[in-house]
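Here the structure comes first, spelled out in structure tokens, and everything after it is commentary.
As the structure is a prediction and not an experimental result, all values here were calculated from the model. Along the sequence shown, residues carry numbers from 1. Every heavy atom of this structure was used, including side-chain atoms; hydrogens, water molecules and symmetry mates were not.
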Amino acid sequence: PPPPKSKSKCVYAYSGNSTIKTAATMPSDTEQDQQQQQQGKKNHNKYRRDKPWDNEEIDHWAIEKWDEEKDNLPGDSLLEESSFATLFPKYREKYLREVWPVVTRALDKVKIGCELNLIEGSMTVMTTRKTSDPYIILKARDLIKLLARSIPVAQA
């Protein structure tokens with residue numbers, strides 16, 4: 001039969017042997033932990049030790065600069081040339097033409113080539129033989145995506 005309707009809420013839980021336990025008779029989490037320890041069950045938190053790389057002195061969110069002398073690639077260069085292209089709207093053409101020398105200078109510092117194609121309406125960034133940082137091409141790709149989406153050069 002359905003439980004009687006009353007204002008007090010009662011939670012029913014069915015265990016494997018078909019007896020009914022209510023919330024008042026069910027043991028709490030701390031009581032269950034104590035019962036497990038008394039019954040001789042394993043404590044899995046026993047192996048959770050502090051890791052040497054997980055101390056508070058290390059800032060895991062810090063972005064380290066690429067040092068060409070310290071961080072060498074095998075063969076001293078990238079194996080393949082990578083390039084990314086992004087299309088931009090017609091109304092961005094004038095602004096991009098004005099700021100493209102600034103973009104080119106910034107990308108030349110990190111040894112990335114760039115190209116502005118006004119006929120197709122596209123910007124392209126590519127690695128060069130001198131590129132040593134493998135992640136810098138992805139940053140350059142993000143730069144041209146932001147420029148295509150009307151973000152000013154200073155913020156991009």
### Query
What residues form a side chain to side chain donor-acceptor pair (under 3.5 Å) with E93, not counting sequence neighbours?
K90, R97

### Query
From K145 NZ over to R141 CZ, what is the distance, rounded to the nearest 0.5 angstrom?
4.5 Å

### Summary
Here the gap from E115 atom CD to T104 atom OG1, rounded to the nearest 0.5 Å, amounts to 10.5 Å

### Query
Counting only N and O atoms by type, is there a donor-acceptor contact under 3.5 Å from the side chain of S82 to the main-chain atoms of T127?
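No; judged by distance alone, with no hydrogens or angles, the pair does not exist.
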
### Query
Between the main-chain N or O of A85 and the side-chain N or O of T124, is there a donor-acceptor pair closer than 3.5 Å?
no

### Summary
Closest non-hydrogen contact found for S122 with L87 is CB-CD2, 3.7 Å

### Task
Determine the minimum heavy-atom distance between A148 and P89, stating which atoms define it.
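So the two residues come closest at O-CD, 3.5 Å.
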
### Message
Apply the hydrophobic cluster definition, ILVMFWY joined by side-chain contacts under 4.5 Å directly or through others, and give me every member besides W100.
### Response
F84, F88, Y95, L96, V99, V102, V103, L107, V110, I112, L116, L118, M123, V125, Y135, I136, I137, L138, L143, I144, L147, V153

